[in-house]
Amino acid sequence: MTDVTLRTAKFAIGAVVRHRIYPFRGVVFDVDPVFDNTEEWWLSIPEEVRPRKDQPFYHLLAENAETEYVAYVSEQNLLPDTSGEALRHAAIAEMFVRDDAGAYRMRDRATN
């Protein structure tokens, strides 16, 4: 049995975040308490910037200036996005409702 101390995720579902290094931002739609992707994916990250596996990893509906995509990002590489700018990712409307304050809340799946 491995001794893994789980940390509380810093960002909640619906949080708008940006990458610490790369120019993209997104909204969190799922959180893994520790790394839960393939070893091949992890090894494809250059060793000098490869994140630790023992931290929360976030699934994002992400976007940059050119495109929209799904990203998988370690907590150490995310910062809160405080720009207040709406995200344009096409899948956001399927998962979230944006309230009057600009926050993203998960849609009630029972009503879909």
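In what follows, residues are counted from 1 in the order of the sequence shown.
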With clusters defined by side-chain heavy atoms of hydrophobic residues (ILVMFWY) lying less than 4.5 Å apart, directly or transitively, does Val73 cluster with Val70? yes

Does Leu78 share a hydrophobic cluster with Ile21, counting links as ILVMFWY side-chain heavy atoms below 4.5 Å and allowing steps through other members? yes

Could you list all the side-chain hydrogen bond (donor to acceptor under 3.5 Å, both in side chains) pairs where at least one residue sits in residues 12-39, not counting sequence neighbours? Arg20-Asn77, Arg25-Asp81, Arg25-Ser83, Asp32-His59, Asp32-Tyr72, Glu39-Lys53

Taking all non-hydrogen atoms of both residues into account, name the closest pair between Val31 and Val28 and its distance. CG2-CG1, 3.8 Å

Does Tyr69 offer a backbone N or O that forms a donor-acceptor pair with the side chain of His89 under 3.5 Å? yes

Distance, nearest 0.5 Å, that separates CZ of Phe35 from CZ of Arg52: 13.5 Å

Run the side chain to side chain contact (heavy atoms under 4.5 Å, CB included) check on Val16 and Phe11 step by step: do they pass? CA-CA 9 Å; Val16 179; Phe11 302 107; over 6 Å; no

Test item: Phe96 and Met106 side chains (from C-beta on) under 4.5 Å apart, heavy atoms: yes

Is the count of non-hydrogen atoms from other residues, nucleotides or ligands lying under 6.0 Å from Glu48 atom CD greater than 12? yes

Minimum heavy-atom separation for Trp42 to Pro51, with atom names? NE1-O, 3.0 Å

Residues in side-chain contact (heavy atoms from CB on, under 4.5 Å) with Pro23, at least two apart? none

Side chains of Val27 and Ile92: closer than 4.5 Å at any heavy-atom pair? yes

Residue list, side-chain contact (heavy atoms from CB on, under 4.5 Å) with Asp99, at least two apart or on another chain: Ala101, Ala103, Arg105

What is the distance from atom CD of Glu94 to atom CZ of Phe29, rounded to the nearest 0.5 Å? 11.0 Å

Under 3.5 Å, side chain of Tyr58 to main-chain N/O of Val17, donor-acceptor pair present? no

Indicate yes or no for a side-chain donor-acceptor contact from Arg50 to the backbone of Ser44 under 3.5 Å, with no hydrogens or angles considered. no

Quick one: pull up CD in Glu40 and CG in Leu43 and give me the separation to the nearest 0.5 Å. 8.5 Å

For Leu61, is there any backbone N or O sitting under 3.5 Å from a side-chain donor or acceptor partner on Glu68? no

Are any side-chain N or O atoms of Glu63 and backbone N or O atoms of Arg88, one a donor and one an acceptor, separated by less than 3.5 Å? yes

Give me the atom names and distance for the closest heavy-atom approach of Lys10 to Glu75. N-OE1, 2.8 Å

For the pair Ile13 and Tyr104, evaluate side chain to side chain contact (heavy atoms under 4.5 Å, CB included) and give the outcome as yes or no after the intermediate values. CA-CA 8 Å; Ile13 305 279; Tyr104 292 91; over 6 Å; no

